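Below is one structure; the comments refer to it alone.
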Amino acid sequence: MEIGVSAFAETTEHPETGALLSHAERLREIVEEIEVADQVGLDVYGLGEHHRPDYAASAPAVVLAAAAARTTRIRLSSAVTVLSSEDPVRVFQQFATLDGLSNGRAEIMAGRGSFIESFPLFGYDLEDYDDLYAEKLDLLLRIRENPERVNWSGGRFRADVPGLGVYPLPVQQPLPVWIAVGGNPQSVVRAGTLGLPLAIAIIGGMPEQFAPLADLYREAGARAGHDPSTLRIATHSHGFVAPTTQQATDVHFKPYQAVMNGLGRERGWNHFSRTSYEAARSRRGALLVGSPEEVAEKIVKQHEQLGIDRFMLHVSAGTMPHADVLRAIELLGTEVAPLVRKALAP
């Protein structure tokens with residue numbers, strides 16, 4: 001099973017000192033995180049796209065391209081590309097360029113986006129939220145199918161592409177595209193029907209609650225005639241690794257609480273307390289925070305419950321000391337991943 005890291009390049013205030021990293025500093029830290037992840041043998045690093053002041057990565061492909069020059073084997077993915085407000089032609093060009101620079105390590109993780117700042121920024125109406133995504137995904141997949149001659153027409157939101165080429169050509173044929181979902185059954189069925197790999201964000205609740213979505217995805221893929229071995233599932237969960245449980249929670253809790261309560265004020269969530277945190281961190285909870293043994297155990301459990309092929313740990317939710325984040329990534333590669341692979345070995 002593949003194991004990797006995801007990040008949003010947060011630039012939130014430190015909950016104790018009030019210190020605030022510049023966007024430039026955080027972007028350079030992300031490149032260093034990816035370099036360390038590559039060195040310790042992790043399989044993938046995914047970077048999210050946001051368009052707001054508390055996140056630095058509005059152009060993930062550019063950041064990943066910087067990391068491509070300093071890495072050799074790790075796969076480089078968006079997590080996610082907000083396809084609804086993007087131009088699919090430019091998305092393909094950016095990630096085909098990244099694919100060339102990395103010699104075939106680029107991936108697109110396409111989603112509708114749980115943050116909506118990009119819609120007014122690029123002139124789209126939220127009333128068209130679903131239609132935008134469906135149309136743009138259709139065009140992206142048409143380009144991916146034959147980038148040297150793209151015939152596409154009939155869209156509401158974009159001009160036709162009358163038999164034109166989209167360049168550069170990627171190293172990988174086809175360029176990998178994952179469908180990212182937060183729990184929407186329609187999106188899960190779409191991924192299965194198209195035969196595309198599925199990435200499920202498990203942020204709250206219990207991972208076992210997402211098993212019906214995994215089953216729905218595989219059923220949709222089977223009905224569409226896809227080989228079951230090609231229907232891959234990844235999960236993405238918040239978490240943190242340190243040598244001991246106490247060290248992990250000491251570093252992680254306050255920054256994570258600050259982020260959750262900040263988003264909670266925007267979205268009407270209940271206050272995220274220490275009790276909420278410990279419940280989420282419990283054996284059946286969605287939060288993977290603790291020693292390497294604890295985190296490995298919960299990854300193995302997700303594999304058992306959902307049959308996942310890839311797990312991505314969202315390490316830096318909130319502003320945490322960079323040295324601690326790098327150490328968490330190192331432990332994920334050198335201690336957690338070997339424990340998981342040993343547990344899952346035939």
Side-chain angles (χ1 to χ4, degrees), residues 4-12 20-40 42-83 85-88 90-111 113-115 117-118 121-122 140 168 170-172 175-178 180 199 201 234 236 238 259 310 312-320 322-323 325-326 328-330 332-333:
V5 174
S6 61
F8 289 167
E10 294 88 346
T11 54
T12 51
L20 186 66
L21 282 181
S22 70
H23 289 151
E25 290 174 299
R26 186 69 185 111
L27 291 170
R28 291 193 293 270
E29 285 186 353
I30 289 288
V31 174
E32 188 176 0
E33 289 178 20
I34 301 171
E35 188 174 16
V36 169
D38 183 63
Q39 291 169 352
V40 299
L42 290 170
D43 298 294
V44 59
Y45 192 105
L47 183 61
E49 172 195 340
H50 294 88
H51 301 268
R52 46 187 286 157
D54 47 349
Y55 298 101
S58 62
V62 178
V63 186
L64 296 171
R70 294 169 57 173
T71 57
T72 58
R73 61 172 300 277
I74 195 167
R75 299 193 66 76
L76 303 167
S77 177
S78 57
V80 302
T81 296
V82 185
L83 191 59
S85 56
E86 287 271 22
D87 181 353
R90 289 300 285 157
V91 169
F92 187 89
Q93 290 176 326
Q94 290 160 9
F95 281 86
T97 300
L98 173 62
D99 205 46
L101 291 169
S102 65
N103 194 26
R105 293 186 281 130
E107 297 182 0
I108 300 169
M109 192 181 292
S114 62
F115 291 79
E117 290 80 11
S118 64
L121 184 63
F122 295 110
L140 178 64
V171 173
Q172 300 174 91
L175 186 64
V177 174
W178 291 69
H236 148 104
H238 289 162
V259 166
R310 172 185 286 182
M312 300 178 73
L313 187 69
H314 191 96
V315 171
S316 54
T319 298
M320 302 176 196
H322 186 48
V325 172
L326 294 179
I329 293 171
E330 179 187 349
L332 185 65

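Quick note: numbers below take in every heavy atom, side chains included, and nothing from hydrogens, waters or symmetry partners. Keep in mind it's a predicted model, so treat the numbers as computed, not measured.
- At least one side-chain heavy atom of M109 sits under 4.5 Å from a side-chain heavy atom of M312.
- Distance CH2/W178 to OG1/T81: 14.0 Å, rounded to 0.5 Å.
- Minimum heavy-atom separation, F8 to G48: CD2-CA, 3.9 Å.
- Interatomic distance, E330 CD to Q39 CD, rounded to the nearest 0.5 Å: 9.5 Å.
- Taking a cutoff of 4.0 Å between a charged side-chain nitrogen and a carboxylate oxygen, E29 and R26 qualify as a salt bridge.
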Subject >> Candidate pair D43 and R73, rule side chain to side chain contact (heavy atoms under 4.5 Å, CB included), full reasoning >> reply: CA-CA 8 Å; D43 298 294; R73 61 172 300 277; 3.5 Å; yes
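- Only one option out of I34, D38, V36, L313 pairs with I329 in a side-chain contact (heavy atoms from CB on, under 4.5 Å); it is V36.
- Side chains of E117 and Y55 form no contact here, defined as non-hydrogen atoms less than 4.5 Å apart.
- Between E33 and H322, some side-chain heavy-atom pair lies under the 4.5 Å cut-off.
- When side chains are defined from C-beta on, Y45 does not count as touching T71, because their heavy atoms never get closer than 4.5 Å.
- A side chain to side chain donor-acceptor pair (under 3.5 Å) with D99 is found for exactly one of R105, Q94, Q172, namely Q172.
- Relative ring orientation between H50 and F115 is described as perpendicular, the plane-to-plane angle rising above 60° on a 0-90° scale split at 30° and 60°.
- Note that CZ of F92 and OG1 of T97 are 9.5 Å apart. Values are rounded to the nearest 0.5 Å.
- Of all the heavy atoms in L64 and S78, the pair that sits closest is CD1-N, 4.0 Å.
- Nearest approach of P53 to T11, heavy atoms of both residues: O-OG1, 3.0 Å.
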Original post:
What's the verdict on side chain to side chain contact (heavy atoms under 4.5 Å, CB included) for L332 and L42, showing C-alpha distance, side-chain angles and the deciding distance?
Top reply: CA-CA 8 Å; L332 185 65; L42 290 170; 4.0 Å; yes
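- R90 CZ: 12 or fewer foreign heavy atoms inside a 6.0 Å radius.
- Of all heavy-atom pairs between A106 and L175, the closest is O-CD1, 4.1 Å.
- Residues A328 and V315 approach most closely at CB-CG1, 4.0 Å, considering heavy atoms.
- Not one N or O on the side chain of D54 forms a donor-acceptor pair closer than 3.5 Å with the backbone of T12.
- Between S118 and S85 the shortest heavy-atom distance is OG-OG, 2.7 Å.
- Atoms CG and CZ, on L121 and R52 in that order, are 13.0 Å from each other to the nearest 0.5 Å.
- The aromatic rings of H238 and H314 sit tilted relative to each other, their planes meeting at an angle between 30° and 60°.
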